[in-house]
Chemist: 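Let me begin by handing over the structure; questions about it come next.
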Amino acid sequence: MRRLKKNHTAIVLKAVLLSLGIYLLVLYKAADKLVDNEVAKFHLVTKSISDYQSTIYLLGALFEAEIAAKQHDELQGPYLTVGKVYSADEHSELTRNERIVSITARNLFLRMPEIVSVEQILYYYRSYEGKKIMSTHSFEQKSATYESVFSRKTCIVSLACSKFASERDLEDRLIVSNIYLDDITHQPIITISSPVYFQNVMIGDVNVDVYLDKFPFLADKEYIPQSNAEGRQVFVEDVRYPFPTHAYSADYLADEDLLVTYRVPYSKIVIDNGWLLVGLLIIFIYLLNKLEELQIKRAKLSLAEVAILKDELTSLYNRAILKDSALKYAMEKKGITVIAVDGDKIKAINDNYGHHVGDEAIIHIAESMRRCFRESDYLIRSGGDEFIVILPGCSLAAAEKLAEQLCYEAASKPFGSDGLTLNISVGVSELREGESLQNVLKRADARLYLAKEGKYS
């Protein structure tokens with residue numbers, strides 16, 4: 001169980017490292033595209049702001065031209081019917097200039113109804129002459145709120161009106177406010193204003209309040225204002241993500257005095273694409289788990305093969321290896337030489353010292369064989385104290401020298417706790433053309449027994 005748990009831990013660790021590596025590589029390759037996608041959303045917002053600026057500029061110019069042109073005309077109405085007129089004095093009548101604006105706005109909105117159809121966009125004309133607000137939408141107007149619309153303090157703080165704007169702000173006839181909270185809806189809002197003059201006196205301004213929550217892209221953003229000697233700057237940030245200031249920045253110059261900077265936190269890219277990391281992790285855990293199962297099956301198969309082909313006592317091959325296809329291929333392509341090996345007087349060792357010492361003698365012969373032959377040679381325990389060495393691509397003369405070396409190696413080194421020595425007998429034979437493996441083995445055995453008889457006859 002402990003080993004199994006360790007394997008599972010290793011699989012998870014490997015999956016995490018692999019998933020994280022690929023995930024970071026994908027983010028690195030796709031980072032520019034992901035950032036461009038965020039910046040493109042920001043540019044859709046800034047384009048809308050630019051469009052509202054153009055509209056307000058044209059409305060201001062239109063009202064100003066109509067006021068100048070109709071000073072001596074008889075004004076018969078009808079007046080603006082959409083929205084509502086708000087006045088500090090409920091009984092105050094519209095001034096002549098206010099009536100001209102009302103008539104002009106009505107005619108314009110009849111031709112272009114889409115200007116007043118959006119609920120979260122509020123157009124209004126602010127008359128400084130009669131302290132009136134002519135709005136395209138009705139809204140709940142509190143007296144305190146109404147007074148703040150004309151308040152010098154409020155205008156200077158928010159820059160939401162033209163009357164108290166600086167000469168620099170008025171040069172291009174467009175004033176873009178700070179981002180502030182609307183007194184009524186408490187939503188973030190930006191106001192764009194354009195002054196309306198009559199005889200070089202500012203008599204009002206035309207405005208549009210853009211509720212920023214109308215843009216889904218800005219729903220979760222926060223606005224951080226900052227002022228310096230160069231002007232105003234607003235940072236648009238998504239503070240839901242860590243390290244928001246470590247970000248790619250995109251700038252929009254709303255006017256000469258206001259720079260809007262959108263920050264795309266690098267952490268946003270990492271977190272928003274976390275699904276990829278999770279998906280990779282699941283895939284790699286599955287694949288590595290299957291690979292682990294396959295390796296276990298292969299290990300079991302390998303153990304089974306060892307059990308079939310290897311001798312348990314010596315770990316040499318057993319006679320089953322004689323049917324191996326690789327051995328047959330070596331016989332056909334390279335030729336082979338065979339050495340038959342037999343331990344001398346192993347029965348006497350078993351009788352005098354016990355079978356466990358006899359097993360030590362068998363192991364001693366096997367270890368001597370490993371020291372004398374190549375890894376590519378086939379070392380086989382054919383039974384009891386009998387062994388076979390098959391040497392692919394080896395000449396008869398070289399095999400005879402190796403056989404002599406084996407005899408010396410086995411006899412010169414003692415084995416076991418009693419320091420016993422052991423002699424072995426060998427028989428060497430080379431495969432002839434067209435001969436079978438069994439025949440060459442028989443000839444090697446025959447020469448082995450001749451060598452034994454020569455020793456003990």
Chemist: Arg240: which residues meet the salt bridge (charged side-chain N to carboxylate O under 4.0 Å, His left out) condition with it, sequence neighbours left out?
Modeler: Asp220, Asp238
Chemist: Report yes if some heavy atom in the side chain of Val45 is under 4.5 Å from a heavy atom in the side chain of Tyr252; otherwise report no.
Modeler: no
Chemist: Identify the heavy atoms of Leu391 and Ile339 that sit nearest to each other, and give their distance.
Modeler: CD1-CD1, 3.8 Å
Chemist: Could you pull out the closest heavy-atom pair between Pro392 and Lys334, with the gap in Å?
Modeler: CB-CD, 4.4 Å
Chemist: Any side-chain heavy atom of Ile269 sitting closer than 4.5 Å to one from Tyr248?
Modeler: no
Chemist: Tell me if a side-chain donor or acceptor on Asn273 pairs with a main-chain N or O of Leu276 at a distance below 3.5 Å.
Modeler: no
Chemist: Is any NZ, NE, NH1 or NH2 atom of the basic residue among Arg447 and Glu400 found under 4.0 Å from an Asp or Glu carboxylate oxygen of the other?
Modeler: no
Chemist: Taking Leu420's backbone N and O only, do any of them form a donor-acceptor pair with Asp418's side chain (distance below 3.5 Å, no angle check)?
Modeler: no
Chemist: Are Leu218 and Tyr223 close enough, and set up right, to give a side chain to side chain contact (heavy atoms under 4.5 Å, CB included), and what steps lead you there?
Modeler: CA-CA 10 Å; Leu218 297 176; Tyr223 310 96; 3.5 Å; yes
Chemist: Taking 4.0 angstrom as the limit, do Asp344 and Lys452 come out as a salt bridge?
Modeler: yes
Chemist: Taking atom CZ of Phe164 as the centre, does the number of heavy atoms from other residues, nucleotides or ligands within less than 6.0 Å exceed 12?
Modeler: yes
Chemist: Got Thr314 and Met369 here, is their nearest side-chain heavy-atom distance under 4.5 Å?
Modeler: no
Chemist: Of all the heavy-atom pairs spanning Arg443 and Glu435, show the shortest one and how long it is.
Modeler: NH2-OE1, 2.6 Å
Chemist: Please walk me through it: do Tyr57 and Ile192 pass side chain to side chain contact (heavy atoms under 4.5 Å, CB included)?
Modeler: CA-CA 9 Å; Tyr57 180 87; Ile192 304 170; over 6 Å; no
Chemist: Find out whether Val338 and Leu431 are in side-chain contact, i.e. whether some heavy atom of one side chain is under 4.5 Å from a heavy atom of the other.
Modeler: no
Chemist: Given side chains that start at C-beta, do those of Glu404 and Val426 come closer than 4.5 Å, heavy atoms only?
Modeler: no
Chemist: Within the 4.5 Å heavy-atom criterion, are Leu288 and Leu18 side-chain neighbours or not?
Modeler: yes
Chemist: Checking the side chain of His364 only, and the main-chain atoms of Ala410 only, is there a donor and an acceptor separated by less than 3.5 Å?
Modeler: yes
Chemist: Going by side chain to side chain contact (heavy atoms under 4.5 Å, CB included), Tyr23 matches just one of Val270, Val278, Leu281. Which one?
Modeler: Val270
Chemist: If you apply the rule side chain to side chain contact (heavy atoms under 4.5 Å, CB included), what do you find for Leu34 with Leu27, and how did you get there?
Modeler: CA-CA 9 Å; Leu34 295 171; Leu27 286 190; 4.0 Å; yes
Chemist: Can you tell me which residue among Ser135, Ser177, Ser193, Ser194 is in a side chain to side chain donor-acceptor pair (under 3.5 Å) with Asn207?
Modeler: Ser193
Chemist: Holding to side chain to side chain contact (heavy atoms under 4.5 Å, CB included), I want the full list of residues that pass it with Pro225, two or more places apart in sequence or in another chain.
Modeler: none
Chemist: Other residues, nucleotides and ligands only: do more than 12 of their heavy atoms fall within 6.0 Å of CD on Glu293?
Modeler: yes
Chemist: Can a side-chain donor-acceptor contact be found between Asp342 and Ser425 if the only test is distance below 3.5 angstrom?
Modeler: no
Chemist: Write down the atom of Val176, the atom of Ile190, and the distance for their closest heavy-atom approach.
Modeler: CG1-CD1, 3.6 Å
Chemist: What heavy-atom pair brings Arg263 and Ala247 nearest, and what distance separates the two atoms?
Modeler: CB-CB, 3.8 Å
Chemist: Mind telling me whether Tyr378 and Tyr317 have parallel, tilted or perpendicular rings, with 30° and 60° as the class edges?
Modeler: tilted
Chemist: Output all residues satisfying ring-ring contact (aromatic ring centres under 6.0 Å, His included) with Tyr286, sequence neighbours left out; order by chain, then residue number.
Modeler: none
Chemist: Does any N or O in the side chain of Thr337 come within less than 3.5 Å of the main-chain N or O of Cys394, such that one atom is a donor and the other an acceptor?
Modeler: yes
Chemist: Tell me, do Ile121 and Tyr52 make a side-chain contact under 4.5 Å, heavy atoms counted?
Modeler: yes
Chemist: Any donor-acceptor pair under 3.5 Å linking the side chain of Arg381 with the backbone of Gly384?
Modeler: yes
Chemist: Mind checking the CG-OG spacing from Leu59 to Ser54? Nearest 0.5 Å is all I need.
Modeler: 11.0 Å
Chemist: Any salt bridge linking Lys41 with Glu38? Criterion: basic side-chain nitrogen under 4.0 Å from a carboxylate oxygen.
Modeler: yes
Chemist: Do we see a donor-acceptor contact under 3.5 Å between the side chains of Tyr241 and Asp272?
Modeler: yes
Chemist: Is the shortest side-chain heavy-atom distance between Pro188 and Asp213 below 4.5 Å?
Modeler: yes
Chemist: Going by atom types alone, do Tyr180 and Thr191 pair a side-chain donor with an acceptor below 3.5 Å?
Modeler: yes
Chemist: Could you tell me which residues satisfy salt bridge (charged side-chain N to carboxylate O under 4.0 Å, His left out) with Asp51, sequence neighbours excluded, listed by chain and number?
Modeler: Lys47
Chemist: Kindly give the heavy-atom pair with the smallest separation between Ala15 and Ile285, and that separation in Å.
Modeler: CB-CG1, 3.5 Å
Chemist: Calculate, to the nearest 0.5 Å, the distance between atoms CG and CD1 belonging to Leu406 and Ile365 respectively.
Modeler: 8.5 Å
Chemist: With sequence neighbours left out, what residues match Cys155 under disulfide bond (SG atoms under 2.5 Å apart)?
Modeler: Cys161
Chemist: Rounded to the nearest 0.5 Å, how far does CG of Leu441 lie from CG of Leu322?
Modeler: 6.0 Å
Chemist: Do Asp205 and Tyr128 have side-chain atoms, one donor and one acceptor, less than 3.5 Å apart?
Modeler: yes
Chemist: Does the pair Glu367 and Ile363 meet the rule for a side chain to side chain contact (heavy atoms under 4.5 Å, CB included), with working shown?
Modeler: CA-CA 6 Å; Glu367 290 176 349; Ile363 294 171; 3.7 Å; yes
Chemist: First locate atom CD1 of Ile390, then atom CG of Leu327, and finally report the distance between them rounded to the nearest 0.5 Å.
Modeler: 4.5 Å
Chemist: Which distance, rounded to the nearest 0.5 Å, do you find between the CD1 of Ile175 and the CD1 of Ile56?
Modeler: 10.5 Å
Chemist: Check for a donor-acceptor pair, side chain of Arg319 on one end and backbone N or O of Gly383 on the other, with a separation under 3.5 Å.
Modeler: no
Chemist: What's the spacing between Leu287 CG and Leu291 CG if we round to 0.5 Å?
Modeler: 8.5 Å
Chemist: Could you give me the CA-CA distance, side-chain angles and deciding distance for Glu292 and Lys14, then say whether salt bridge (Lys or Arg N to Asp or Glu O under 4.0 Å) is met?
Modeler: CA-CA 12 Å; Glu292 179 79 4; Lys14 287 179 184 177; 5.7 Å; no
Chemist: Considering only residues two or more places apart or on different chains, which pairs with a residue in residues 257-279 satisfy ring pair (Phe, Tyr, Trp, His ring centres under 6.0 Å)?
Modeler: Phe42-Tyr262, Phe217-Tyr262
Chemist: Could you tell me whether Glu409 and Lys413 have a side-chain N and a carboxylate O separated by less than 4.0 Å?
Modeler: yes
